[in-house]
Amino acid sequence: MPIITINKNNISTEHVCCAIGNDKENTKRANTKKEWLKERFDEGLVFKRLDDRGKMFIEYMPIEKVWKPIIGHNLTVINCLWVSGKFKGHGYSKELLEECITDSKKLNKDGITVITSTKTKAFLTDKKFFEHFGFKSVDKAFPYFELLLLPLNDVLNIPKFTEAARLGTIDDKEGFVFTFSNQCPFTEEYANLLNNKIKSMGQKSQIIKINSNEEAKSFGSPFGTYGLFFNGKFVSHELMPEAKFEKFINSLLQNQKN
């Protein structure tokens, strides 16, 4: 199946996989993502997808510009690699990863890094997939994030999480704090919905929108696009339905009392 590279010239007419419905809500979500992408292309971001209407794409960019709390030099960071539904089991993930490896070699990058998790988690690619292609663990962050690296030559500077990300902390914030960026087309919608849910439960809550890679490195979650903190400590990266979220919050509050 052919691979399409999304860029400034075709982004207005091509879909970007994350929100592919033609309804008003998904069109709005997709446009939010597209606006974020447009501002990143000049920074070296690459977005490629297979030529079919589905969720099968890869997004990557230089570590110096990435919107995640990781530090390094001359590396490519995979923001997202996603193949879902009927497209699984056809080798498409491998094909997309090979695109990233080929591009990184052309740019003389020292390696490729990706954030995954020590245990299988929603929205995070299974680390076993990357390990199969030679990625190795080089750092961990609270509570379950793991940084993997595929060296392409002699890597002198191993990438690492920022200290705040490693500890899972955010400075001087009480109650619940959502951090998000428009790198994902769904995060702003969920942050507002769940923030209102917390407030309806009588709890203090606020939203912080991340507007630059510097802010993402300073107080973003290792997941990058979204994070929930409670009394200064990271508690979740997952975009939950309201019922599940309410149960999760009640559990947090009960544990605080005990």
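- The minimum heavy-atom distance between S93 and V83, with the atom names listed, is OG-CG2, 3.4 Å.
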**Asked** Checking side-chain contact (heavy atoms from CB on, under 4.5 Å) for the pair T76/I63: CA distance, chi angles, key distance, verdict?
**Response** CA-CA 6 Å; T76 297; I63 194 169; over 6 Å; no
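- Looking at S104, its side chain does come within 3.5 Å of a backbone N or O of C100 through a donor-acceptor pair.
- Side-chain contact of N182 with T32: a donor-acceptor pair under 3.5 Å is absent, judged by distance alone.
- A donor-acceptor pair is defined here as one N or O able to donate and one able to accept, closer than 3.5 Å; no such pair exists between the side chain of Q254 and the backbone of N250.
- Salt-bridge check for D42 with K8: passed, with a basic side-chain N closer than 4.0 Å to an acidic carboxylate O.
- Here E131 does not pair with K128 in a salt bridge; the nearest charged N to carboxylate O distance is not below 4.0 Å.
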**Request:** Report the C-alpha separation of H15 and F57 in whole Å, then their side-chain angles, then the decisive distance to 0.1 Å, and conclude whether the ring-ring contact (aromatic ring centres under 6.0 Å, His included) test is met.
**Result:** CA-CA 11 Å; H15 76 80; F57 67 95; 9.3 Å; no
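- In this structure, F234 has its ring center at least 6.0 angstrom away from the ring center of F230.
- N10 places no side-chain N or O within 3.5 Å of a backbone atom of I6 that could act as its donor or acceptor partner.
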**Request:** Go through the steps to decide whether R49 and E14 satisfy the test side-chain contact (heavy atoms from CB on, under 4.5 Å), and finish with yes or no.
**Result:** CA-CA 10 Å; R49 66 168 177 83; E14 295 286 351; 2.3 Å; yes
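- Using modelled atom types, one side-chain atom of T187 and one backbone atom of S181 make a donor-acceptor pair closer than 3.5 Å.
- One finds a salt bridge joining E238 and K244 here, because a Lys/Arg side-chain nitrogen approaches an Asp/Glu carboxylate oxygen to under 4.0 Å.
- Residue-environment remark: NZ (K233) exceeds the threshold of 12 foreign heavy atoms within 6.0 Å.
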**Request:** Before giving the answer on side-chain contact (heavy atoms from CB on, under 4.5 Å), spell out for F176 and K199 the whole-Å C-alpha distance, their side-chain angles and the decisive distance to 0.1 Å.
**Result:** CA-CA 9 Å; F176 291 92; K199 288 185 174 180; over 6 Å; no
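- For the residue pair N213 and V66, the shortest heavy atom distance occurs at CB-O, 3.4 Å.
- When atom types are taken as modelled, the side chain of H237 and the backbone of A122 share a donor-acceptor pair closer than 3.5 angstrom.
- When all heavy atoms of Y60 and E99 are compared, the pair lying nearest together is OH-O, 3.6 Å.
- Within the model, atoms OG1 of T179 and OH of Y226 stand 8.5 Å from one another, a figure rounded to the nearest 0.5 Å.
- At most 12 heavy atoms of other shown residues, nucleotides or ligands fall within 6.0 angstrom of atom CG in D154.
- Side-chain N or O atoms of K217 include none that pairs as donor or acceptor with a backbone N or O of W67 at under 3.5 Å.
- Residues G220 and P69 approach most closely at O-CG, 3.7 Å, considering heavy atoms.
- A salt bridge between E188 and R29 is absent, with no side-chain N of the basic residue lying under 4.0 Å from a carboxylate O of the acidic one.
- The backbone N or O of E98 lies less than 3.5 Å from no partner atom in the side chain of D103, so there is not a single donor-acceptor pair.
- Listed for the S218 side chain is no donor-acceptor partner under 3.5 Å among the backbone atoms of E215.
- Here the closest heavy-atom approach between residue L148 and residue F130 is recorded as CD1-CB, 3.8 Å.
- When all heavy atoms are compared, the tightest approach of T113 to P159 is OG1-CG, 4.0 Å.
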**Request:** Using the side-chain contact (heavy atoms from CB on, under 4.5 Å) rule, take E146 and K127 through it: C-alpha gap first, then chi angles, then the decisive distance, then the call.
**Result:** CA-CA 9 Å; E146 193 161 7; K127 75 173 184 177; 3.1 Å; yes
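- The number of heavy atoms from other shown groups lying within 6.0 Å of NZ (K160) does not exceed 12.
- Paired with E59 under the rule side-chain hydrogen bond (donor to acceptor under 3.5 Å, both in side chains), one option of K33, K48, R40 passes, and it is K33.
- Side-chain atoms of T169 do not come within 3.5 Å of backbone N or O of G232 as any donor-acceptor pair.
- Here the side chain of K68 pairs a donor or acceptor atom with the backbone of F223 at under 3.5 angstrom.
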